[in-house]
Each structure stands twice: as C-alpha cells, then as structure tokens.
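Below is one structure, written out as structure tokens; comments come after it.
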Protein chains: 2
Amino acid sequence: MTKDKKPDWDGCPTRYAAGIVGDKWCFLILRDVLLHGKRTYSEFLKGPEGISTNILANRLARLEAADMLDRQIDPRKASRVCYFPTRKARDVLPALISIMVWSTKYDPATEAPASFAAGYQADPIAAIDWYEAEIDRIDAEILARFDHGQ
Amino acid sequence: MTKDKKPDWDGCPTRYAAGIVGDKWCFLILRDVLLHGKRTYSEFLKGPEGISTNILANRLARLEAADMLDRQIDPRKASRVCYFPTRKARDVLPALISIMVWSTKYDPATEAPASFAAGYQADPIAAIDWYEAEIDRIDAEILARFDHGQ
DNA sequence: GAATTTTTCTTGCAATATGCAAGTGATAAA
DNA sequence: TTTATCACTTGCATATTGCAAGAAAAATTC
C-alpha cells in the first residue's frame, strides 16, 4: 500500500466478509469446525450456545453454498454426514485468531489463558500452522475411517 | 502457545467477538468509522448498503454500549453528533484488514486492488499504522472544529 | 427380523427483529 | 419568521428466529 494516499475503493471486501461470517451462528460454526474439531450435525448442535436445529441446518447449507464447508456422507455409514472446512474456510484462521486475541484483551470474563495471545503475538505464523496441522490431523483421521471401515 | 498440546478453554473469545462484530450492520458501521472516516449519523445512513434509520440508531447505541464508539455532541453546533472510534474499536483493525485480505482472495468481484493485499502482506504493521494515522488525522480535524468554531 | 435408537434434518407456530415510510423535536440557516 | 437540517422515533407489514414436535433413513439391539 502506498503510504501517503488514501485508497479510494469502496469497502466491498468488508461487505463480502459480512455476508459470509457477519452472522453470529456462521461465526460460531466456523469456530467449531476450525478450532474445536467438530464435523457433524450433532456435534455442532451440542455446543454451549444452544443453536436450534432449523438454524443449524440453514447455516450449514449457507456455509456449504459459500464454499466454506464440504459436506460428505460417510460411505461406511450413510446416516453420518461430515462437514469439512474448505481451504477458503481455513484461510479465515488468521482473522479468526486475530479477533480472538482482541477479545482476550477486552473481555473481562475471558476464559482464554494469557499464553494464547502471547503465543500468537510471539509467532503468528507458527500459531496458525499449529491450528492447520490440527485440522489436517482430524480430517485425515475421519477420512481414514471412511476408507477402511469402523 | 505450546506446540504440542491442544488448548482446552472453550472458545469464549469467539463468542465475545460474535456478540459485538458478529452482526452485519455493526460490522459495516465499524468499516465506515475505521476505514472511511465517517463519523455522523447521516454519513452512516448514506452508505451504499442502505441501512434503515431505526436499525442504524439501534446499532450505534449497541456499539456505544459496547465501548466501541464514543458519542459526542458538537459544542458549537448542538444538532451535530459525532461517533468516534474508541481504542477498543481501533484495535479490531488488524482483524478487519485480515478478513478484507481474505475477501480479496475469494471474492471474484472484489473491487480492492491487488496492491491492498500485497501491501498488507509485505508489512502488516506499517499498513495498520497507516490506517491508525488516518483515524488520528480525521478525529483531530473534527475536534479542532469543536474547539475553535466553524 | 422386529423393535428401538441414532442421525440428520423438516415443519408449524409464536415471538422477535427487520425494512420502509412517515413523523418529531431540537437546532440552524435564510 | 419561515424553511431546512440533523438525529433520531414510531407504526406497521414482512422476514427471521427459537422452540417443540415430527419424520425419514439408516444402524443397532434384542
């Protein structure tokens, strides 16, 4: 970016993001899928925020349509559906972690340990990589079960 | 952050952030105040998204209550009200810019020039500082008018 | 192999939130 | 003194949400 002139394009990237993550429930589902290893309808439903079933179904469909979640049926157990985060969803990790660091600074009731923000600030890239690796691990484990049963 | 153990706290920072910025309109008002130099009710109202007046009033009050906006009446012209971004609001800049960079990558219709993401990635701190300086400049200008008339 | 359970949703309905248009009150300008 | 501006409020039709119940398709248990 140039250092002495204000960019004159009209804020559309914010609007695009608002359309996808600018919704409380989508935001929390993304947290669950990116940070808490959740992949199934019933796991999302069990979250502490108590999303209702119709809203959950609606938001999962919306996130799938936005290419944030990849819906796959377990070939070994057709009643089980898994929602995997896409590359596009994974790529919100930096922004997600960044806003979480902000929350730990301003929420007096934060449950996040100080080490969370400190670790991120010390080495942001390593922190993101760590979460990505977790996602890889979880998805690989599920896909392995898909392939050679149980 | 430790590199080999998953943090076990329960995602509250995401929920805190969702409560404040996890709303389309709050998100866009924050964009306007942090990135577009808007400070007054009528400026927010004129935005291209067409927020309705009751919703705008509601969200401004919500953001003020969340300590994101500082509402001040122009002492020289009592019919004019200014909403200034607080330090807390300014501190969402890194996350806001980060999600905007994400949008430029995934929105095929993005209006942001490639230089935006490139500039941020080359030197994130300088980019944030540039926006902070703009905010300082705008607010100083308004406050100066507050003091010596006109 | 019949009955129960699990899992992923769908439907109906009351409550809440939103969008739109019009109105209000307090300045400020003409 | 009249008109205009600015920051909201109010009323009402429509849309979205939350809650509870249901339903279809497996999968498991007996």
Side-chain angles (χ1 to χ4, degrees), chain A residues 15 18-29 32-33 37-66 68-85 142 145-150, chain B residues 15 18-29 32-33 36-66 68-85 142 145-146 148-150:
Chain A
R15 190 166 52 229
I20 295 176
V21 301
D23 170 87
K24 184 190 167 194
W25 293 120
C26 286
F27 203 64
L28 293 171
I29 289 168
D32 285 345
V33 86
K38 297 186 184 178
R39 295 293 180 272
T40 66
Y41 193 92
S42 43
E43 284 173 332
F44 295 126
L45 205 59
K46 267 180 284 194
E49 287 86 10
I51 187 170
S52 36
T53 68
N54 54 343
I55 302 298
L56 176 57
N58 176 274
R59 294 307 194 278
L60 287 173
R62 200 183 282 187
L63 287 169
E64 196 195 354
M68 297 291 278
L69 295 177
D70 177 25
R71 183 181 186 276
Q72 290 200 36
I73 297 168
D74 186 335
R76 289 273 173 174
K77 190 174 170 181
S79 71
R80 179 165 293 266
V81 176
C82 282
Y83 293 90
F84 298 101
I142 294 171
R145 255 182 289 147
F146 274 21
D147 291 337
H148 38 73
Q150 179 40 233
Chain B
R15 190 166 54 228
I20 295 176
V21 302
D23 169 89
K24 184 190 167 193
W25 292 121
C26 287
F27 203 64
L28 293 171
I29 290 169
D32 286 344
V33 87
H36 293 178
K38 297 186 183 178
R39 295 292 181 272
T40 67
Y41 193 92
S42 43
E43 284 173 331
F44 293 127
L45 205 59
K46 265 180 283 196
E49 286 87 9
I51 187 171
S52 36
T53 68
N54 53 344
I55 301 298
L56 176 57
N58 176 273
R59 294 306 195 278
L60 288 173
R62 200 182 283 188
L63 287 169
E64 197 195 353
M68 297 292 279
L69 295 177
D70 177 24
R71 183 181 187 277
Q72 290 201 38
I73 297 168
D74 187 336
R76 289 275 172 174
K77 190 174 170 181
S79 70
R80 180 164 293 265
V81 176
C82 282
Y83 293 89
F84 297 100
I142 295 171
R145 253 183 289 148
F146 274 20
H148 38 74
Q150 166 50 224

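In what follows, every heavy atom counts, from backbone to side chain, and hydrogens, waters and symmetry copies are set aside.
Under the 3.5 Å distance criterion, with hydrogens and angles disregarded, no donor-acceptor pair is assigned to the side chains of B/Q72 and B/D74.
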Please list each protein N or O that sits under 3.5 Å from an N or O in nucleotides 23-30 of chain C, with the distance.
unit_1, atom_1, unit_2, atom_2, d
C/dA28, OP1, B/A78, N, 2.4

What does the list of N/O pairs under 3.5 Å between the protein and nucleotides 11-19 of chain C look like, with a distance for each?
unit_1, atom_1, unit_2, atom_2, d
C/dT18, OP1, B/R59, NH2, 2.7
C/dG19, OP2, B/W25, NE1, 3.3
C/dG19, N7, B/N54, ND2, 3.1

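B/R39 has its CZ atom 18 Å from the C1' atom of D/dA7, to the nearest Å. As a whole-Å value, the separation of A/E64 CD from C/dT8 C1' is 13 Å. Atom CG of B/L60 is separated from atom P of D/dT9 by 10 Å (rounded to the nearest Å). Look at NZ on B/K38: it is 16 Å from C1' on D/dC6, rounded to the nearest Å.
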For residues 21-29 of chain B, please give each side-chain donor-acceptor pair under 3.5 Å, one per line with the distance, not counting sequence neighbours.
unit_1, atom_1, unit_2, atom_2, d
B/D23, OD1, B/R59, NE, 3.4
B/D23, OD1, B/R59, NH2, 2.9
B/D23, OD2, B/W25, N, 3.0
B/D23, OD2, B/C26, N, 2.9
B/D23, OD2, B/R59, NE, 2.9

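No donor-acceptor distance shorter than 3.5 angstrom exists from the side chain of B/E64 to the backbone of B/L60, with no hydrogens or angles considered. The closest donor-acceptor contact from the side chain of B/Y41 to the backbone of B/T53 lies under 3.5 Å. A donor-acceptor contact shorter than 3.5 Å is absent between the side chain of A/Y83 and the backbone of A/L63.
Taking CD1 from A/I55 and OG from A/S52, the interatomic distance works out to 5.0 Å, rounded to the nearest 0.5 Å.
Between B/R71 and B/V81, the shortest heavy-atom contact is CG-CG1, 3.7 Å. Residues B/F146 and B/I73 come closest through the heavy atom pair CE2-O, 4.1 Å.
Contact annotation for B/F44: no contact, since no heavy-atom pair falls under 4.0 Å across all strands.
OP1 or OP2 of D/dC6 has not a single side-chain nitrogen or oxygen of B/Y83 nearer than 4.0 Å. Checking the phosphate oxygens (OP1, OP2) of C/dT10, no side-chain nitrogen or oxygen of A/Y41 falls inside 4.0 Å.
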